[in-house]
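Just below is one structure, and these are the notes that go with it.
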Amino acid sequence: MDVDEAGGGAAAESAPPSEPAPEPQPNGSESNGRRPDDQNESDRPAKKMKPAPPADDDDSDDDVPLSLVKAKSPPKKAQSPPKKSPARAAAVAAASAMAADGDDSDDGGGNDDDDSDDDVPLGKLSVKLPKSKPKKEKAKPEKRKPTKRPPPSDDEESESDDDVPISQIKKKTPKKAAPKEKKPKKEKAEAKPKKEKKEEEPVYKWWEEEELPDGQKWRTLEHRGPMFPPEYEPLPKTVQLRYDGEPFPLEPASEEIAGFYAQMLRTDYPAKKVFNNNFMRCWREAMTKDEKAKIKDLTKCDFTRMQAHYDSLSEARKAATKEEKAARKEKEEKIREEYGFAMLDGHKQKVGNFRLEPPGLFRGRGEHPKMGVLKKRLQPEDIAINIGDVSKAPPPPPGHKWKEVKSDNTVTWMASWIENVQGQSKYIMFNPESYLKGRNDLKKYELARDLKKHIEKIRRDYTTDLKNKITLDRQRATALYFIDKLALRAGGEKDTDEEADTVGCCNLRVEHVQCMDDLKIQFDFLGKDSIQYLNTVAVSPQVYKNVQIFCRGKDPGDDLFDRLTVPMLNSYLKTLMPGLTAKVFRTYNASTCLQDQLVNTPVDGTVEEKMLAYNKANKEVAILCNHQRAAPKGHGDQVEKLDEALATIKTELKAAKREFKSAQAEKDQKGMLKWKKKVETLKTRMHKKDIAKQTKEELKTIALGTSKLNYLDPRISVSWSMKHDVPIEKVYNTTQRAKFRWAIEMTKEDFVF
């Protein structure tokens with residue numbers, strides 16, 4: 001092996017210490033003139049050998065250790081080995097000339113009588129310089145040999161290579177060039193098209209433009225229409241329903257509905273009688289005569305093979321290759337580009353739900369009486385299209401036509417239909433981050449701010465009416481008291497045979513309230529989305545008395561406010577302030593509560609401590625509005641992981657403190673700085689984990705998102721983040737920031753709700 005490949009300096013260091021180092025030879029080191037089979041024969045006596053033919057000028061003394069070459073040479077010239085000094089150039093020229101003349105007088109031992117200057121130190125070839133500095137240079141290799149240093153930086157290169165053969169220094173040249181080859185990759189990695197696009201997109205400051213006339217929502221509107229779900233693909237012949245233990249093939253119409261049930265076997269719904277009865281009724285409606293005659297008992301149906309098939313499809317999708325996922329993503333982007341945007345008043349805006357809901361089984365919230373009913377597949381004949389220019393309406397699928405095409409700029413939907421389960425109207429609307437939604441949000445919060453000017457008078461009026469002799473006025477005043485103080489919804493008329501038994505303030509029943517001791521009333525009822533409202537509150541003596549009177553002589557199922565209806569309450573509210581509704585009260589009280597609670601933010605706290613204060617304030621709002629949820633299934637595991645992380649950090653912290661004390665005892669300044677920094681880092685990490693655990697425990701049954709997105713004026717949060725130097729990214733995620741872009745752009749630090 002050639003010394004250039006083996007690393008000349010390292011070979012010299014690995015020689016046994018009892019043997020003297022071989023003397024340098026002309027035209028290279030001791031191994032440069034050897035044959036390949038002689039390179040490992042260091043124990044043999046030196047033989048006289050002819051000098052190897054010279055390579056190029058650069059290799060004449062490249063692998064001679066600089067510590068030997070520089071014995072009488074200045075250190076500065078040795079620090080930049082790639083550059084040749086005049087003396088060295090002369091030596092190389094002399095060696096080349098001698099080799100060209102065919103001089104064979106070399107005895108292989110590097111004697112001084114030889115005419116070649118290859119083994120003469122560079123200092124002797126030209127000017128003799130002071131010999132004081134080379135002593136320093138000799139000392140450097142002795143210090144560096146025992147330790148293995150990492151590759152030197154560019155600043156250290158000239159000093160660290162003093163005792164390394166030039167051939168080895170040349171080996172490092174490609175390594176220096178390597179980062180240059182990687183630069184284009186770094187540039188590509190840093191260039192993120194998505195971020196650049198977002199930064200380049202100008203913010204449409206619609207709030208600075210002139211408002212549209214009352215009732216008008218837009219001037220021009222263009223869109224692609226809805227995207228229909230794919231048609232049903234029949235199952236493979238090997239995947240069949242089994243009835244009473246025997247395979248029973250189904251026609252595609254009934255097979256599709258059976259598949260809906262199979263995909264829900266892992267949920268709690270198949271264990272519910274109402275769900276099964278509704279499903280069986282809808283399923284039999286789609287069966288053929290033969291299927292109806294055979295399938296009569298749901299308990300005899302075995303859907304497990306169908307379930308396994310759908311599970312395998314799900315697993316295959318998850319296990320897709322990187323290329324398959326990329327292709328799927330690319331296809332999705334094309335669909336989103338086609339259907340996911342609309343032109344609203346000349347501005348490109350996102351569409352919220354451009355995909356029509358596929359057929360399936362209705363679930364509902366809570367114990368809904370219609371759970372298990374089939375949601376039928378929508379057809380173009382069910383869809384009404386709303387667009388700016390009727391002549392530019394999107395074409396329906398081949399062979400179909402739209403139910404209706406119209407141009408109505410007083411509404412904001414683009415497509416509408418009536419779903420078959422509850423007979424409710426459904427819409428394709430704009431995305432929450434569209435300026436159409438933002439404009440509506442701004443109006444909503446400004447209306448709630450206006451209530452601040454009227455609230456004192458309204459409260460005085462309903463407090464007076466609590467004692468009114470007219471029962472209707474007294475019931476209305478009591479209901480308004482609950483709406484104001486407890487942020488209850490007004491409620492609405494419900495058909496419990498068609499919908500879940502949820503109530504609001506105006507349709508509370510006697511069974512929903514109970515007068516307790518100490519002027520306290522307990523409320524227990526199902527609110528919106530079948531969320532239980534269970535709360536015991538202290539009320540004024542007159543309200544307590546009124547509730548007792550309203551319950552007197554009534555059965556548990558009778559209405560508490562039997563003289564009051566929701567329309568009557570809303571009509572009365574509009575006489576107090578234009579546009580006033582029960583929801584405006586809710587928005588006003590929620591935003592006011594948040595602003596009052598944020599006063600408790602620690603001014604000198606960390607970002608984590610300030611965010612903890614913000615979440616606590618948001619929690620109070622969620623409690624006020626009854627925005628509750630069940631504790632997440634993974635809550636226990638998440639807390640356990642946080643406890644494990646805290647235990648690990650505490651162990652590391654103890655060890656770091658011991659190391660710091662040890663360095664302090666040894667007066668090791670570098671060690672002290674290192675471990676002090678480590679201790680501080682671990683303390684910060686532990687503090688963050690503690691806050692994360694505390695937040696997770698406090699908010700496990702609270703849904704912060706509902707109030708944050710629907711009832712809290714975002715300008716309160718934006719001004720708070722400015723005032724306390726908290727990044728807005730900590731308060732709102734990417735989607736929420738897009739929704740409240742108008743608030744982020746227009747709000748100042750001194751905003752007050």
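This is a predicted model, so every value here is computed, not measured. Side-chain atoms are counted along with the backbone in the values below, which use heavy atoms only and exclude waters and symmetry mates.
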Check whether any side-chain heavy atom of Glu291 sits under 4.5 Å from a side-chain heavy atom of Leu250, and report yes or no. yes
Set out, in order, the CA-CA distance, both residues' side-chain angles and the distance that settles side-chain contact (heavy atoms from CB on, under 4.5 Å) for Leu344 and Leu436, then state yes or no. CA-CA 9 Å; Leu344 181 67; Leu436 195 61; 3.8 Å; yes
Are the charged groups of Arg509 and Asp558 less than 4.0 angstrom apart, N to O? no
Within a strict 4.5 Å, meaning less than it, do heavy atoms of the Glu255 and Pro234 side chains meet? yes
Go through the steps to decide whether Trp742 and Arg439 satisfy the test side-chain contact (heavy atoms from CB on, under 4.5 Å), and finish with yes or no. CA-CA 9 Å; Trp742 59 272; Arg439 186 179 287 151; over 6 Å; no
Do any N or O atoms from the side chain of Asn409 and from the backbone of Gln216 form a donor-acceptor pair under 3.5 angstrom? no
Can you establish whether the number of heavy atoms outside Asp268 located under 6.0 Å from its atom CG is more than 12? no
For the residue pair Phe561 and Phe550, does the interplanar ring angle fall in the parallel (under 30°), tilted (30 to 60°) or perpendicular (over 60°) class? perpendicular
Between Ser717 and Tyr614, do the side chains contain an N or O donor and an N or O acceptor separated by less than 3.5 Å? yes
Is a side-chain donor-acceptor pair under 3.5 Å present for Asp297 with Tyr243? no
Within a reach of under 6.0 Å around CZ of Arg281, are more than 12 heavy atoms found that belong to other residues, nucleotides or ligands? yes
Check for me whether Lys370 meets the cation-pi criterion with Phe362, that is, NZ or CZ under 6.0 Å from the six-membered ring centre and within 45 degrees of the ring axis. no
Would you call Arg741-Glu433 a salt bridge at under 4.0 Å N-O? no
Would the distance check show the side chain of Asn353 and the main-chain N or O of Arg355 forming a donor-acceptor pair, the cut-off being under 3.5 Å? no
Any side-chain heavy-atom pair from Met264 and Arg363 closer than 4.5 angstrom? yes
Sub-6.0 Å ring centroid separation between Trp283 and Phe303: yes
Any salt bridge between Glu256 and Lys376, counting N to O under 4.0 Å? no
Just by distance, do the side chain of Glu338 and the backbone of Ile335 share a donor-acceptor pair under 3.5 Å? no
Derivation of the side-chain contact (heavy atoms from CB on, under 4.5 Å) call for Val421 and Leu374: CA-CA 7 Å; Val421 179; Leu374 174 66; over 6 Å; no
Whether the side chain of Ser407 engages the backbone of Ile387 through a donor-acceptor N/O pair (distance < 3.5 Å, no angle test) should be reported. yes
Under 6.0 Å from the CD atom of Glu233, do we count more than 12 heavy atoms belonging to anything else shown? no
Run the salt-bridge test on Glu357 and Lys375 with the 4.0 Å N-O cut-off and return the result as yes or no. yes
Is any NZ, NE, NH1 or NH2 atom of the basic residue among Lys329 and Glu332 found under 4.0 Å from an Asp or Glu carboxylate oxygen of the other? no
Could you walk me through whether Trp218 and Thr410 pass the side-chain contact (heavy atoms from CB on, under 4.5 Å) check? CA-CA 8 Å; Trp218 45 265; Thr410 63; over 6 Å; no
Taking only Lys NZ, Arg NE, NH1 and NH2, and the carboxylate oxygens of Asp or Glu, determine whether Asp559 and Lys554 approach each other closer than 4.0 Å. no
Beyond-backbone contact of Gln349 with Lys437, side-chain heavy atoms, under 4.5 angstrom: no
Any heavy-atom pair between the side chains of Ile383 and Leu356 that's under 4.5 Å? yes
Taking the basic N atoms (NZ, or NE/NH1/NH2) and the acidic carboxylate oxygens, is any pair closer than 4.0 Å for Lys294 and Asp244? no
Minimum side-chain heavy-atom gap Val513-Cys551 below 4.5 Å: yes
Check this for me, if you would: do Lys292 and Glu251 make a salt bridge, where the nitrogen-to-carboxylate-oxygen distance has to be below 4.0 angstrom? no
Determine, for Tyr711 and Arg586, whether the Lys NZ or Arg CZ falls below 6.0 Å from the six-membered ring centre while staying within 45 degrees of the axis. yes
Are Arg305 and Gln240 close enough that some pair of their side-chain heavy atoms sits under 4.5 Å apart? no
Any sub-3.5 Å donor-acceptor pair from Lys708's side-chain atoms to Val731's backbone N or O? yes
Looking at Glu367 and Lys272, is any side-chain nitrogen of the basic one under 4.0 Å from a carboxylate oxygen of the acidic one? yes
Phe279/Tyr269 aromatic ring centres below 6.0 Å: no
Polar side chain donor-acceptor pair, Asp524 to Gln514, under 3.5 angstrom: no
Applying the side chain to side chain donor-acceptor pair (under 3.5 Å) test to Glu381, which of Lys401, His400, Lys403 qualifies? His400
Under 3.5 Å: donor-acceptor pair, side chain of His309, backbone of Thr238: no
Would you call the rings of Phe740 and Tyr732 parallel, tilted or perpendicular, where under 30° means parallel and over 60° means perpendicular? tilted
Is the shortest side-chain heavy-atom distance between Ile295 and Met287 below 4.5 Å? yes
Quick test of your reading of the model: are Arg242 and Glu246 salt-bridged, counting only N-O distances below 4.0 Å? no
